[in-house]
Amino acid sequence: MRTYLLPETGNFYKSNLHCHTTISDGALTPEEIKRIYKEEGYSIVAYTDHNIMVAHQELRDENFLPLNGFEGDFNEGGATIDPNLGTIRCCHICFISPEEHNPRQLCFHRSEYLFHGNNKKNAELVNYDRNAPDYVRAYTPESINDYIGQFKDAGFFITYNHPTWSLETYREFSNYEGMDAMEIHNYGCYACGFDEENSRYYDDLLHLGRRIGCIAADDNHNHHPRDSAKWDSFGGFTYIKAPALTYADVFAALKRGDYYASRGPQITELYLEDGKVHIKCSPARRISLVLGTRRADVRMNTDGTLITEAAFDLKPRDMFFRITVWDEQMRPAYTRAYFMDEVR
Ligand SMILES: [Zn+2]
Ligand SMILES: [Zn+2]
């Protein structure tokens, strides 16, 4: 019997799940973002400006779906320090709303954490509970988990962002609970020169038993010319497989984990059959398997020819499995981790 891990039916939609615009400190307007991403074959952009959630559903068309979101910060040292300076640690988390229309931002503060670009000017666009007291954040696991928990209870899709840029290590992120996914790759940080390839950090969370997915995203701010090394769009993306390009279908696919992260390769099929996991993909130099134990596996042709599928045995003692596809330029695509009890 065949069990599909990425759904058998539906369509893959190319998405950027982390994006900044002139609503906060990005250089391009939400409309310009739509135009350039559509030209590159994207169907979905999550607008995740810093700390204020402003919906852009007016940009919706038949082939383009904007998701409503924002990126929340927690800074060591408080709410007014410029996190781009010095060596302070911070925690950045993206929250994507399940609500297509008039999404409500929880835990809002009318004056704190509004230091990114045009934040202050655009704060009046936020839909928040005017009767609720200002929510005060602190850079502590308790405060971060309380904040995450409130959005989790409201059904948001929550991603933990760029631990490398944030100067966070296991000591910090092992305390955070309730995220749906983490950025296994953040292209914006990578384009600046950071080593923002976080597969080892992802495995750390999996070893703690966290049922967490992995995404790749641009985190684009678009302040550098398009022909420069620091241009930060189109390098990290997530393919979401959903029945149709509707807000409800795409959001449900994210919550179910029906997606994979990529810097280039495409994964076309992923399924279990006869005790093996099977993957089909665009031409690959190498396909590797991580199992959460001291066992791993790999497929590649030693004559340099490329492969487009692989099958790997799974064993009862494996903790989870996740597969990485490496293309000819050794750019990776990552499946999320599937725990053995989830697929039995
Ligand atoms: Zn960030
Ligand atoms: Zn960001």
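Numbers here are sequence positions counted from 1. On a predicted model such as this, the values are computed, not experimentally measured, just so you know. Just so you know, ligand 1 is whichever comes first in the structure, and atom 1 is the first atom listed for that ligand.
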Should the ring pair Phe70 and Phe95 be called parallel, tilted or perpendicular, given that the plane angle runs from 0 to 90° and is split at 30 and 60?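 Rings of Phe70 and Phe95: parallel, as their planes differ by under 30°.
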Which residues satisfy the salt bridge (charged side-chain N to carboxylate O under 4.0 Å, His left out) test with Asp258, sequence neighbours excluded?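 Arg256.
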Can you list, by chain and residue number, the protein N, O or S atoms under 2.8 Å from the Zn ion (ligand 1)?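 As for protein N, O or S atoms lying under 2.8 Å from the Zn ion (ligand 1), they are Glu71 OE2, His92 ND1, His162 NE2.
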Filter on salt bridge (Lys or Arg N to Asp or Glu O under 4.0 Å), then keep only pairs touching residues 98-127, sequence neighbours left out; what's left?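 Every salt bridge (Lys or Arg N to Asp or Glu O under 4.0 Å) pair that includes a residue of residues 98-127, provided the two are not neighbours, is Arg110-Asp134.
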Per the salt bridge (Lys or Arg N to Asp or Glu O under 4.0 Å) rule, what does the pair list look like for residues 174-196, sequence neighbours excluded?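 Residue pairs passing salt bridge (Lys or Arg N to Asp or Glu O under 4.0 Å), neighbours aside: Glu177-Arg210, Asp180-Lys255.
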Under 3.5 Å side-chain donor-acceptor pair for Ser174 and Asp204: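 Judged by distance alone, the side chains do not pair up.
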Between Asn16 and Tyr42, does any side-chain donor sit less than 3.5 Å from a side-chain acceptor?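 Absent: no donor and acceptor within the cut-off.
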Just checking: Cys94, one of its N/O/S atoms, less than 2.8 Å away from the Zn ion (ligand 2), yes or no?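 No, outside the cut-off.
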